[in-house]
Amino acid sequence: MLPIVAQIKIAAAQAINHLYPAAAVTDETILVNETKPEFAGDYTVVLFPFVKSLRQNPAVLGKAIGEYLLAHYPLFTAHETVAGFLNLTVADTELAAFLNHSYNDTQYGQKESNGQKVMIEYSSPNTNKPLHFGHLRNNFLGWSVAAILKANGYEVIKANLVNDRGIHICKSMIAWMRYADGATPESTGIKGDHLVGDYYVKFNDVYKREIDTLVTQGMDKEKAEKEAPIMLEAQELLRKWEAGDPEVYALWQKMNSWVYQGFDASYKKLGIDFDKMYYESDTYLLGKAIVEEGLAKGVLFKKDNGSVWIDLTADGLDEKLLLRADGTSVYMTQDLGTARLKYNDFHMDRSAYVIADEQNYHMQVLKLILQKLGEPCAEGIYHLSYGMVELPSGRMKSREGTVVDADDMVAEMIALAREQALEAGKTEDFAPEEQERLYDMVGLGALKFYLLRVEPRKKMIFDPKESIDLHGFTATFIQYAHVRICSVLRKNEIAYGQFTLGEGLAPLEKSLLLKIEQYPSILDQAAKEYNPSLVCNYAFQLAQLFNSFFAVHSINQAESEEKRQLRLMLVTMIGNVIRHAMSLLGIEVPQKM
RNA sequence: GGUCCGGUAGCUCAGCUGGAUAGAGCAUCAGCCUUCUAAGCUGAGGGUCAUUGGUUCGAAUCCAAUCCGGAUCACCA
């Protein structure tokens, strides 16, 4: 069934074209809004755009269109024109039919396959330190966008490009060699990613001290930064790694394996997963072939020292280096190669990269270069850029130890959920494992919702001193609405079936049905915009409406059996939509809390 | 300096393909549990939509300029 708003547009266009044959309006030109609460009606057609071209005053125009619509479309039962706005009332019977048809469809909102394939690359961690709060935004966004696209009929490949090589890993390695005395996750009981991260921090401590020492001895700071012994050793490790030194390689593998064990545990706790893993140690040499082809095509050029560049000044950008004078590749070179590799693996229609906005320029250049090189993957590339999560004091810096650790944050949120549940005192009769499951759902849900409810593009500031709320615009609020629905449905054994509409819908019943009817359109928009915050907002508004309804109307003690049936079906459907919407955010909903 | 992004209530954010008196949550204040879960509901106060100009019947929304904040422009990743 076509969304009501779309039906209204088509109907209104038809009405206008019928009444004023010269008008030739199309349904896209019709603007439909929700009617403001202070006026009678559900949806409003804005008449101003046609007032001039049709040379009619708004009142006459509205009356004519309204009458035509009522006469020809059972969708409407009333119309009223106020100051250029044609307010239309949707028929209760239409909404009743909609409810009868869909109330028990747990997949309501899910669309059929559209034959499109899209890759979402997200997470893409460095293997020298554990995940922090900022990474959580990336992971939740990527996972949720993938779920939203799936719900809209896309085939989705969730990809993770692990940055498992490079100087940063060597820093952890050298510090471990110097100071760890063979410490392992097993021997210390420290989670692997945290252990490796500790040595990354250690490296930076020692590095700073060595610089200070050199400066005290009279070296200038810039030179000291380059010549600090531990830095030279890290660089030497990187050279050995690239040369395939077996010992270095073995240590690298060992330490990475610790990190992966840690990441796996974190991902599992967070409910994050992937369909395809890429590793930079496999891909970092890719891209050189593309550069050679680009040179042959004349898209790229070589400078006197042998370095290879592309000139993007005509596009308002700069010249960009693609190969160093010594023939080694840079970050961009790899990304060109990886883009081609991904495309050859999957031939997807779109390829989205979930990467923080600090790389906006890089991603813009990447796409542009691929386009100029005529790579088939180029057009599908989309940068899902998101704002960084900052502390009140500014950006998190792992080197300075100001990061909010992801595992800690998760544990704190679950602890908070437990605390508030105990305060509410409603979970005492739960089995212990049932309690733990609930605290996980509430704590993790609150965390995910907090990070997803803001439009991705916007940066967010998180103050660790203030805990994430479990009231108001939160996952907990929505979970609680679901719990109330489950509770009602548990206590009302009814013979489900079609209900007949005698006495009409109460305003809140109608608002809820209209809201539910909008769900597929919301999913549509969320997919188009790669924007889970729309789903957050929608789920919250639905829960809010439900709570208002719940406070005013009794289901159990409904005015009539017919009403009871209607409300049971209505809340069944609300529950289904809430569960479905939350699942797209990676948030589970409990049955009791 | 060039480019890009943001600026809406004390705080955190919706609204931005132009439409009616700009909305939520938090915080503050006042009410509501003998009746389906009060992790809830109802109400109140709180606004120069950064500023100025323009386009328009109509601008938080579009355009221009300015101010503020951030990112980026490496033979780093």
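Atom set for the values below is all heavy atoms of this structure, side chains included, hydrogens, waters and symmetry mates excluded. Treat the numbers as computed from the prediction; the structure is a model and nothing was measured.
A donor-acceptor contact under 3.5 angstrom links the side chains of A/N531 and A/S533, judged on distance only. Under 3.5 Å, the side chains of A/N163 and A/N126 contain a donor-acceptor pair of N or O atoms.
Closest to the side chain of A/Y331, out of B/A38, B/A77, B/G19, is B/A77. Here the side chain of A/Y480 is nearest to one of B/A20, B/G40, B/C36, namely B/G40. Set against B/C36, B/C57, B/C26, the side chain of A/V488 has B/C36 as its closest nucleotide. Picking from B/G40, B/A20, B/A24 the nucleotide with the shortest atom distance to the side chain of A/Q544 gives B/A24. In the set B/G19, B/U72, B/C13, the nucleotide with an atom closest to the side chain of A/E358 is B/U72. Comparing B/G40, B/C73, B/G15 by their closest approach to the side chain of A/D318 singles out B/C73. The side chain of A/N537 has B/A14 as its nearest neighbour among B/G69, B/G19, B/A14. In this structure, of B/G19, B/C5, B/C26, it is B/C5 that holds the atom nearest to the side chain of A/R457. Listed nucleotides B/G40, B/A77, B/G25 differ in distance to A/V330; the shortest reach to its side chain belongs to B/A77. Closest to the A/R395 side chain, of the nucleotides B/C36, B/A71, B/G19, is B/A71.
A/K303 meets the salt bridge (charged side-chain N to carboxylate O under 4.0 Å, His left out) test with A/E319; sequence neighbours excluded.
A/K36 comes within contact range of at least one nucleobase, with a heavy-atom separation under 4.0 Å. Base contact: A/N87 has a heavy atom under 4.0 Å from a base atom. Using a 4.0 Å heavy-atom distance criterion, A/E455 is classed as a sugar-phosphate-only contact. Within 4.0 Å of A/A481, counting heavy atoms only, lies no atom of the nucleic acid at all. Within 4.0 Å of A/K592, counting heavy atoms only, lies at least one base atom of the nucleic acid. Within the nucleic acid shown, A/I167 has no heavy atom closer than 4.0 Å to any nucleic acid atom.
Taking 90° from 0 as the syn/anti boundary, the base of B/C33 is oriented syn.
Listed pair A/K458 / B/U12 fails the phosphate criterion, with no side-chain N or O lying under 4.0 Å from OP1 or OP2. A sub-4.0 Å separation between OP1 or OP2 of B/A38 and a side-chain N or O of A/R484 is present. For A/K459 and B/A71, the shortest distance from a side-chain N or O to OP1 or OP2 is not below 4.0 Å. Checking the phosphate oxygens (OP1, OP2) of B/U42, a side-chain nitrogen or oxygen of A/S548 falls inside 4.0 Å. One finds a side-chain N or O of A/R324 lying less than 4.0 angstrom from the OP1 or OP2 phosphate oxygen of B/C76.
Geometric assessment of A/K528 against the ring of A/Y382 yields a negative cation-pi assignment under the 6.0 Å and 45° thresholds. By the 6.0 Å and 45° rule, A/K171 does not stack over the aromatic ring of A/Y200. Both tests pass for A/R165 against the ring of A/Y284: distance under 6.0 Å to the centre and angle within 45° of the axis.
Using bins of under 30°, 30° to 60° and over 60° for the plane-to-plane angle, the ring pair A/W252/A/W241 lands in the perpendicular bin. Using cut-offs of 30° and 60° on the angle between ring planes, the pair A/F540 and A/F473 is tilted.
Atom pair A/H482:NE2 and B/C36:C1' shows a separation of 16 Å (rounding to whole Å applied). When the C1' atom of B/A38 is taken as reference, atom CD of A/E423 falls 13 Å away, rounded to whole Å. As rounded to whole Å, 11 Å separates atom C1' of B/A74 from atom OH of A/Y361. Atom CE in A/M363 sits roughly 16 Å away from atom P in B/A77 (whole-Å rounding). For A/E390 and B/G6, the CD to P distance is 15 Å, given to the nearest whole Å. Look at CD1 on A/I468: it is 20 Å from P on B/C11, rounded to the nearest Å. Going from atom CG of A/L534 over to atom C1' of B/C13 covers 13 Å, rounded to whole Å. The NE2 atom of A/H471 sits 8 Å away from the P atom of B/A27 (whole-angstrom rounding).
For A/Y353 and A/Y122, the gap between ring centers reaches or exceeds 6.0 Å. In this structure, the ring of A/F48 has its center less than 6.0 angstrom from the ring center of A/F85.
B/G58 has no base stacking with the ring of A/F48 when judged by centroids under 5.5 angstrom apart and an interplanar angle below 30°. Taking a centre distance below 5.5 Å and an interplanar angle below 30 degrees as the stacking criterion, A/F473 does not stack against the six-membered base ring of B/A24. By the stacking rule of 5.5 Å between ring centres and under 30° between planes, A/F550 stacks on the base of B/C36.
Nucleotide B/C13: paired with B/G23 (Watson-Crick or G-U wobble, both distances less than 3.5 Å). Across all strands shown, nothing is found opposite B/A74 as a Watson-Crick or G-U wobble partner with both distances under 3.5 Å. B/C67 is paired with B/G7 under the criterion used here, namely a Watson-Crick or G-U wobble arrangement in which both key atom distances are under 3.5 Å. With a 3.5 Å ceiling on both atom-pair distances, the Watson-Crick or G-U wobble partner of B/C62 is B/G54.
Annotation: B/G10 and B/A71 have their P atoms spaced 26 Å apart (nearest Å). Distance check on atom C1': B/C33 versus B/U17 gives 47 Å, rounded to whole Å. Comparing the same atom, P, in B/G47 and in B/A9 gives a spacing of 10 Å after rounding to whole Å. B/A77 sits 16 Å from B/U72 when the P atoms are compared, rounded to a whole Å. A distance of about 4 Å separates the C1' atoms of B/C16 and B/U61, rounded to the whole Å. If you take atom C1' in B/C62 and the same atom in B/G15, they sit 16 Å apart, rounded to whole Å. Only the C1' atoms considered, B/A14 is 11 Å distant from B/A22, to the nearest whole Å. To the nearest whole angstrom, the two C1' atoms, one in B/A20 and one in B/A59, are 14 Å apart.
For the pair A/Q334 and A/V454, both in contact range of RNA chain B, the more 5′-proximal nearest nucleotide belongs to A/V454. Mapping A/A83 and A/E280 onto RNA chain B by nearest heavy atom places A/A83 at the nucleotide closer to the 5' end.
Put simply, the side chain of A/T35 and the base of B/A20 share no donor and acceptor less than 3.5 Å apart. In the interface, the side chain of A/N547 is not paired with the base of B/A38 through any donor and acceptor atom under 3.5 Å apart.
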